[in-house]
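Atoms considered below: every heavy atom in the structure, side chains included; atoms not considered: hydrogens, waters and symmetry mates.
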Amino acid sequence: MREVVQNDKSRASRRVSRTPRATAVLAVAVAVAALAAGCAQGDDQGVRGAAGQQAPPARAVDGAAKAREARTALAAAAKRWKLDKVPLTAPAPPAKKPEIEAREGFEVDGQESDDLPPVFTTVPTKEKIVFLTIDDGAEKDPAFLKMMSELKIPYTVFLTDEEIKDDYGYFKKMQARGITLNNHTLSHPYLPGLSYEDQKREICGMQDVMEKHYGKRPVLFRPPYGNYNRDTLRAAKSCGIEYAPIWSEEVYVDHWEYREWDQDLHPGDIVLTHFRGTDDWDGTMTDMVRRFLDRITADGYAVARLEDYL
């Protein structure tokens with residue numbers, strides 16, 4: 001077989017050298033064959049663009065299309081909920097978590113030696129983000145769940161059993177949307193006025209409630225009113241608590257309140273609000289969220305998920 005192939009090539013070579021017209025025919029045939037080979041290769045490897053450029057993979061095109069759809073849906077949701085602007089999207093969580101320490105002046109005796117949960121009001125970051133946290137659970141507004149879900153706004157809640165026991169299911173829906181449910185005691189007492197054992201009962205008792213109804217024992221705890229003492233943090237630690245965030249700002253339906261002297265937002269600030277409605281406010285939960293988002297968006301801030309930084 002090898003000899004036959006060589007002989008065919010030899011004869012073709014002799015014919016080409018004697019006939020110029022044959023040379024042209026052969027060139028056309030070679031070009032057609034090359035074109036066919038290129039088309040076949042394109043079928044195997046994906047469509048190619050001009051000048052040898054390969055088109056982006058279908059997966060990348062799909063990803064870009066989905067991103068456009070998400071932006072369009074978010075803009076529509078912002079309009080539907082009557083926001084001034086589309087909320088900004090928080091950057092990706094840090095690969096390395098910031099070190100969380102007790103805020104200066106918020107420590108208790110034995111804070112470091114006993115490795116007690118730190119009380120803090122701000123997460124160390126240079127990003128223009130804030131963290132929305134909501135306390136107690138008294139108001140159970142279905143529109144709030146819908147609004148936050150459609151706008152893709154993360155938040156963290158601290159629940160009190162006395163306020164949620166009439167409808168544990170409402171917060172189960174919240175949990176199903178990826179919201180973390182945390183500990184705010186059984187009955188919302190002034191903890192420093194209680195003995196160590198009573199404080200422990202309030203905190204550990206709520207851990208039991210959370211595990212029973214939501215399948216998890218939280219690692220975040222917020223003392224009612226932001227008041228605590230050494231026994232509070234000792235009791236919290238004994239119940240499995242690792243962090244005790246409080247807040248830098250508090251937002252209501254009609255105004256803000258600030259902890260810092262400059263009365264302003266700062267990167268990493270924790271913002272507090274409550275589950276309240278028209279019985280307590282001159283407005284609804286969705287009115288409060290609108291006020292909150294309009295303010296932070298105007299100042300160039302996005303809402304991030306607190307748990308991603310702890």
Side-chain angles (χ1 to χ4, degrees), residues 56-81 83-103 117-118 120-134 144-158 173-182 214-216 218-222 241-249 251 260 264-273 289-310:
R59 185 178 301 172
V61 174
D62 289 345
K66 289 180 179 178
R68 286 195 298 271
E69 289 176 2
R71 289 195 296 270
T72 300
L74 185 59
K79 183 177 180 179
R80 185 162 52 252
W81 292 104
L83 302 185
D84 290 343
K85 295 180 180 178
V86 178
L88 300 174
T89 300
K96 182 180 180 182
K97 308 290 187 183
E99 184 177 354
I100 304 296
E101 298 179 339
R103 175 172 169 159
F120 56 102
T121 62
T122 300
V123 172
T125 180
K126 295 181 180 179
E127 302 282 0
K128 290 195 74 173
I129 55 172
V130 295
F131 305 97
L132 178 63
T133 63
I134 313 177
F144 168 78
L145 291 182
K146 185 177 181 181
M147 181 183 194
M148 300 301 270
S149 180
E150 291 182 357
L151 292 171
K152 311 297 183 188
I153 303 298
Y155 55 102
T156 298
V157 303
F158 295 87
K173 294 175 185 177
M174 193 177 288
Q175 185 183 41
R177 289 167 166 80
I179 302 305
T180 304
L181 311 180
N182 296 293
Y214 306 112
K216 294 182 179 180
V219 297
L220 273 63
F221 160 71
R222 174 171 283 164
I241 297 299
E242 298 177 11
Y243 300 97
I246 49 176
W247 60 90
S248 285
E249 293 88 23
V251 59
E260 306 303 333
D264 204 359
L265 293 171
H266 313 89
D269 276 359
I270 298 171
V271 180
L272 163 68
T273 192
V289 172
R290 186 179 304 109
R291 181 184 184 90
F292 166 74
L293 290 177
D294 284 346
R295 162 68 199 283
I296 69 164
T297 304
D299 286 357
Y301 283 84
V303 187
R305 183 174 178 269
L306 178 60
E307 293 80 4
D308 289 338
Y309 288 74
L310 303 180

Participant: Between Arg290 (side chain only) and Leu83 (backbone N and O only), is there a donor and an acceptor less than 3.5 Å apart?
Facilitator: no

Participant: Determine whether Val303 and Leu293 make a side-chain contact, defined as any pair of heavy atoms from C-beta on separated by less than 4.5 Å.
Facilitator: yes

Participant: May I have all residue pairs that pass salt bridge (Lys or Arg N to Asp or Glu O under 4.0 Å) and include part of residues 125-134, sequence neighbours excluded?
Facilitator: none

Participant: Quick one: does Asp294's side chain have a donor or acceptor within less than 3.5 Å of a partner on Asp84's backbone?
Facilitator: yes

Participant: Within this structure, what is the NZ-CG distance for the pair Lys216 and Asn182, rounded to the nearest 0.5 Å?
Facilitator: 10.0 Å

Participant: Rounded to the nearest 0.5 Å, how far does OG1 of Thr273 lie from CZ of Arg291?
Facilitator: 11.0 Å

Participant: For residues Pro124 and Pro98, report the shortest heavy-atom separation together with the two atoms involved.
Facilitator: O-CB, 3.5 Å

Participant: Kindly indicate, with the supporting measurements, whether the criterion side chain to side chain contact (heavy atoms under 4.5 Å, CB included) is fulfilled by Glu249 and Ile296.
Facilitator: CA-CA 12 Å; Glu249 293 88 23; Ile296 69 164; over 6 Å; no

Participant: Quick one: CG on Leu74 to CG on Leu88, what's the gap to the nearest 0.5 Å?
Facilitator: 9.5 Å

Participant: Under 4.5 Å between any side-chain heavy atoms of Val130 and Phe292, yes or no?
Facilitator: yes

Participant: Is there side-chain contact between Ile270 and Arg222, with at least one heavy-atom pair below 4.5 Å?
Facilitator: yes

Participant: Quick check: closest heavy atoms across Ile241 and Pro218, and the distance to 0.1 Å?
Facilitator: CD1-O, 3.6 Å

Participant: Sorted by first residue and then second, give each side chain to side chain donor-acceptor pair (under 3.5 Å) pair with at least one member in residues 297-306; sequence neighbours left out.
Facilitator: Thr180-Arg305, Arg295-Asp299, Arg305-Asp308

Participant: How about Met174 and Phe144: do any of their side-chain heavy atoms sit closer than 4.5 Å?
Facilitator: yes

Participant: Under a 4.5 Å cut-off applied to non-hydrogen side-chain atoms, are Ile100 and Glu242 in contact?
Facilitator: no

Participant: Taking atom NZ as the centre, does Lys97 end up with more than 12 heavy-atom neighbours from other residues, nucleotides or ligands that are less than 6.0 angstrom away?
Facilitator: yes

Participant: Find the distance between CZ (Arg80) and CD (Glu150) and round it off to the nearest 0.5 Å.
Facilitator: 4.5 Å

Participant: Do Leu220 and Pro245 have side chains that get closer than 4.5 Å, going by heavy atoms?
Facilitator: yes

Participant: Please report the shortest heavy-atom distance between Ile153 and Pro87, naming the atom on each side.
Facilitator: CD1-CB, 4.1 Å

Participant: Okay, side chain of Asp269, backbone of Thr122: is any donor-acceptor separation there less than 3.5 Å?
Facilitator: no

Participant: Assess whether side chain to side chain contact (heavy atoms under 4.5 Å, CB included) is satisfied between Tyr155 and Val289, documenting all intermediate values.
Facilitator: CA-CA 11 Å; Tyr155 55 102; Val289 172; over 6 Å; no

Participant: Counting only N and O atoms by type, is there a donor-acceptor contact under 3.5 Å from the side chain of Thr133 to the main-chain atoms of Val157?
Facilitator: no

